[in-house]
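So the structure is just underneath, and the comments pick up after that.
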Amino acid sequence: MKLDRLGDFQRTHRNGDLRLDHVGQTVRLLGWCRRVRNLGSLVFLDLRDRWGLVQLVANEETADPELLAKLKAVRSEFVLAAEGVVAERESKNPNMATGDVEIRLTGLRILNTAAPLPFPLEDEGVGEDLRLTYRFLDLRREQLQRNMLLRSEVANLTRNHFRELDFIDVETPILTKSTPEGARDYLVPSRVHAGEFFALPQSPQLFKQLLQVSGFERYIQICRCFRDEDLRADRQPEFTQVDVEMSFVRQEDVQGVIEPLMVKLAKVVGQDVTAPFPRLPYRDAMEWYGSDKPDLRCGIRIQDATALFAASGFNLFRAAAESQGQRRVRALYFPGEAAGAMSRKQLDALQETAKQMGAGGLPYAKWGKDGLASSFKKFLEPADEATLKTHLGVEGEGLALFAVGTDAQTSRVLGDLRVKVAADLAFFEKDESIRRALMDEGTFQFLWVVDFPLLEWSEENERFVACHHPFTSPHPDDMDLLETDPGQCRAVAYDLVLNGFEVGGGSIRIHDAETQSRMFRAIGIGEAEARTKFGFLLDALAFGAPPHGGLALGLDRLVMLLAGVDNIREVIAFPKTSQARCLMTNAPGPVDERQLRELHLLPEARQTYRVGAVFFESAEGGSAELRGQALQQISQLTPRQAQGLVTLDPNGQILDAQTLSGPTFEF
RNA sequence: GGGGUUGUAGCUCAGUCGGUUAGAGUGCCAGCCUGUCACGCUGGAAGUCGCGGGUUCGAGCCCCGUCAGCCCCGCCA
C-alpha cells in the first residue's frame, strides 16, 4: 500500500477532547485506527490517540469516492492523519467521552499500515509471555497506558515534593564496587583491568551517606538498582528506588518528610490517608500479626493462649504450656457467621496450607449454628470452653485457629493465615462491620514498623549478620548489647508498610568511626577486611561526618499498590519474566568470542606469528609482547636463518615452530 | 536449588473411557449492507496439540525427560 506523508499536517485537537462545543469546526487529528465499521456506503472508524477516542465517519453521498475507498482500506492499528468537520451525531453513544460528536471526513492520510496484531488490545486474558514478547503493543492497552501515566505522575510528585523541601538530586555511579554483604551483585567485567569487575548498585547506600559527609544535608535520587536474586510477583532484578538521605535527623524527621508525600500520592488515586502513620515496634508486629509487614486492613490479631492449656488433657497444648516459653499456643479468632459456617472441607484445606508452612497441624474451635465444633473437643470441658471464649473474645459465631510451636513457627503460620482467611471470610460475611474488621478492602493502611533487631544469627555463615545493612545505627539504649548480647540489640531502623507490602525502609546510620568498627566486629568483619572493603567509608567518618539517616522507597511496588494491580510487571514498561529474561529483546544472550576475549573472560586464542630476523609481524593480530617472544624462539631454533612460522599459546608457550627457506623479503 | 500450575488455530478456550476427518468463539481474508459503536449477514482460509522419547494395533489424552510462562518456598544487607 502506498503511504501518505505527514507533510505539513498539524494536529489541532486531541481526540478525547472533542465535544459538542466543537461542532462546525474543521479539525485535524492524528492517531491509530482502533476499529473500522464498514456498513457499505457508510463507514465509521474509531481514531485513538494518547488522550482518547473519537469516531470518524464518511458516506457515499457526501464524501469524495477516493476518500471513501481509502477509508475502506484502513485496518485496525493503521496510523492515520484525518481532517474533517465536527458534527453532532445522529445516534449518540453515552459510553464514550466523545460520544455526542463525530468527525465528517474531508481528508485522510494513511501514514502507516499495521499487520494484524498477535493479540487483541481489548482482551484482558492474553498470555503474559505473548504480551511481554510484544511489549510495545501491550503498552498500547488502556490499562498499561494508565499505569505508566500514573507512574510518571508519582515520580513527578515525588521530585516536586523533595524539591519544595530543598533536597538536592545527585546522580551516583551505576558502575560501582561489589558489596560483600547482602544480595548477589550483577557484575560487569572491566576490559581495561583484566580479571576485575564492576558491580551494578544494589542501592546507592554508601554514596548517599558520603554525600552527607560532603555537606549536602538533603539528598534525593530516583535511581535504578539491581539485585541478582530470584524474582517474585513484587520483585524484579532491576527496580527503581526513591533514595533519600538527610543530615542532622532523627527517625521522626525522616518519617515526617515521607508521610506527607504518601498522603499526596494516595490522593492521586482517590485515597484519603492521614499522617502521622501508626508506629509499631517490630516485636509487637510479630506478636500481633506474625509479620514484619502486617496488613492492617485486617484487624484480627494473634493472641497468646498458652496459659489456658496449662492443665489441659490435650497433650500438644499442655506440653507447650510446660515448655517455659520455648513453645507457645497462639490463636487467631475470626468472628462472624461466615467463619462459623466454615465447612470441614475448607478447614481441611486450611490445615494443608498450614502444614505446607511447617505447622504440624491446625487445631481449631468453631462456634457455628450448631454450637461448638473442634478438632480437640474431647479435651474441652464446658468450663474450658467458657474460659476460651472469654479469653479470645468470642461472641456469637466465629472460628478460632491455633498453632503450637516456637514463636518463629507460629508467627509464620498464623501471620499468613490471618490475612488469607480474613480475606476469604470477608468475601462471604454479610455483617458489614465484621466484614470491615476482617478485611477493609479498598483502603490504604500505612504504618511504620520500627525498632528492628540490628543483627540476626546466620546459620549459613555461623556469625551475626546485619538485618538491614552494616551501617545501621544501634539503638542508643542497646549500645552495650552489641558486645554482650548482639541478638537482642535493636536498630534505629524503620520500614514503611502499606497493606502488607514493604514499600520503603530506612535507618539512622552510624556516623562515627568507633561505632562503625564495633558494628563490623559484631558481624565478624576484621579490621583489615573492613579497611579493604569500606576504607573510604571509614575515612569519611573520620572527617566530620554529620549524624544522618534516610530511607529508600520501592517506586515500582508503590505504584503497583496505587494502581491496584497485583504484579509489579504491570507498572514497569519493559519488565523481565520470573526467570529474569526479557522476552522482547531475548536478553540475556550470548556474545561473540571476540568480546569475551576483550573482557578477559576467555583466554586469548593461539596465534601464529610470521617472524624473521629483519622484521616480524603478526599474521592475525596477536599480542605485541608475544611477537617478541616468537622472534626469540625462531632465532634459537635456526640461528642462521631466522625466519619462519611460530605458533604460541596465550602464555607464550611454543605449540609449533617451522623455518621457512630462503630470504624473507617476499613477505 | 525446591514445590505447584499452565502449554491445543493469530488470540481465548473446549476436547468424554486412549478410538473415524481435533472443535467453538473471536481475529484474519472475500462478498453484501446508510447510523454503526463488540455493527450485522454469507462464505473461506487457518493446527509441528510446546519439544523429545516411550507404552499401545492406535496417544491431544497414559508414562519419562525437557523447554517456556505464571505462583510460592529458599534467597532478596
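Just so we're on the same page: letters track the sequence lines, and every chain starts at 1. Quantities reported herein were computed from a predicted structural model and do not represent experimental measurements.
- Atom NZ in A:Lys355 sits about 17 Å away from atom C1' in B:rG3, given to the nearest Å.
- The interatomic distance linking A:Glu90 (CD) with B:rC37 (C1') rounds to 14 Å, in whole Å.
- Side-chain contact annotation: A:Asn59 with A:Ser41, donor-acceptor N/O pair under 3.5 Å absent.
- Within 4.0 Å of A:Gln205, counting heavy atoms only, lies at least one base atom of the nucleic acid.
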Under 4.0 Å protein heavy-atom contacts per nucleotide of nucleotides 68-76 of chain B, with B for base, S for backbone only and - for none | -SBSSBBBB

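- Spacing of P atoms, B:rG47 relative to B:rG23, comes out at 13 Å, to the nearest Å.
- Nearest heavy-atom pair across A:Ser203 and A:Gln241 is CB-NE2, 3.6 Å.
- Listed by chain and residue number, A:Tyr282 satisfy the ring-ring contact (aromatic ring centres under 6.0 Å, His included) test with A:Phe452 (two or more places apart in sequence, or in another chain).
- For A:Asn93 and B:rC39, the CG to C1' distance is 12 Å, given to the nearest whole Å.
- Comparing A:Glu102 and A:Gly125, the nucleotide of RNA chain B nearest to each residue sits closer to the 5' end for A:Gly125.
- Here A:Ser203 lies in heavy-atom contact (under 4.0 Å) with a base.
- Remark: A:Ser411 OG to A:Arg418 CZ distance equals 11.5 Å, nearest 0.5 Å.
- Every residue two or more places apart in sequence or in another chain that forms a ring-ring contact (aromatic ring centres under 6.0 Å, His included) with A:His22 is listed here: A:His13.
- For RNA chain B, the residues of residues 38-51 of chain A within the heavy-atom distance limit of 4.0 Å (strictly under) are A:Asn38, A:Leu39, A:Gly40, A:Ser41, A:Leu42, A:Phe44, sorted by number.
- One interatomic measurement links the two molecules: CG of A:Asn15 to C1' of B:rC37, which rounds to 16 Å at whole-angstrom precision.
- In this structure, A:Ser291 has no side-chain hydrogen bond (donor to acceptor under 3.5 Å, both in side chains) partners at least two apart in sequence or on a different chain.
- Partners of A:Phe520 by ring-ring contact (aromatic ring centres under 6.0 Å, His included), not counting sequence neighbours, listed by chain and number: A:Phe534.
- Within the nucleic acid shown, A:Val126 comes within 4.0 Å of sugar-phosphate atoms alone, with no base atom in reach, counting heavy atoms only.
- For RNA chain B, the neighbouring residues in residues 57-75 of chain A, judged by any heavy atom under 4.0 Å, are A:Glu61, A:Arg75.
- Few gaps surround CD on A:Gln143; more than 12 heavy atoms of other groups in view lie less than 6.0 Å from it.
- For B:rG40, neither phosphate oxygen OP1 nor OP2 lies less than 4.0 angstrom from any side-chain nitrogen or oxygen of A:Arg37.
- No side-chain N or O of A:Gln356 forms a donor-acceptor pair with one of A:Glu352 less than 3.5 Å apart.
- By the side-chain hydrogen bond (donor to acceptor under 3.5 Å, both in side chains) test, A:Thr172 is found to be paired with A:Gln221, residues two or more places apart in sequence or in another chain being considered.
- No side-chain N or O of A:Asp512 forms a donor-acceptor pair with one of A:Gln516 less than 3.5 Å apart.
- For the atom pair CD1 (A:Ile174) and CZ (A:Arg224), the distance works out to 8.0 Å, reported to the nearest 0.5 Å.
- Between the CG atom of A:Leu105 and the C1' atom of B:rU34 there is a distance of 16 Å, given to the nearest Å.
- The only option from A:Arg557, A:Arg131, A:Arg141, A:Arg146 that meets the salt bridge (charged side-chain N to carboxylate O under 4.0 Å, His left out) definition with A:Glu570 turns out to be A:Arg131.
- For A:Gln55, the side-chain hydrogen bond (donor to acceptor under 3.5 Å, both in side chains) criterion is met by A:Arg37, A:Glu102, not counting sequence neighbours.
- Of the residues in residues 489-504 of chain A, not one places a heavy atom less than 4.0 Å from an atom of RNA chain B.
- Between the CZ atom of A:Arg34 and the P atom of B:rC37 there is a distance of 12 Å, rounded to whole Å.
- Residue A:Gln356 places no side-chain atom within donor-acceptor reach of the base of B:rG4, judged by atom type and a 3.5 Å distance cut-off alone.
- Residue contacts shown for A:Glu124 are absent, as no nucleic acid heavy atom lies under 4.0 Å away.
- Evaluation of the ring-ring contact (aromatic ring centres under 6.0 Å, His included) rule for A:Phe207 yields no partner, not counting sequence neighbours.
- Between A:Arg89 atom CZ and B:rG35 atom C1' the separation is 10 Å, expressed in whole Å.
- Taking a 6.0 Å sphere around CD of A:Glu142, one finds it holds 12 or fewer heavy atoms contributed by other residues, nucleotides or ligands.
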Atom pairs, protein N/O to nucleotides 7-10 of chain B N/O, distance under 3.5 Å:
from	atom 1	to	atom 2	distance (Å)
B:rG10	O2'	A:Pro118	O	2.8

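- By the 30° and 60° cut-offs, the orientation of the rings of A:Tyr134 relative to A:Phe136 is perpendicular.
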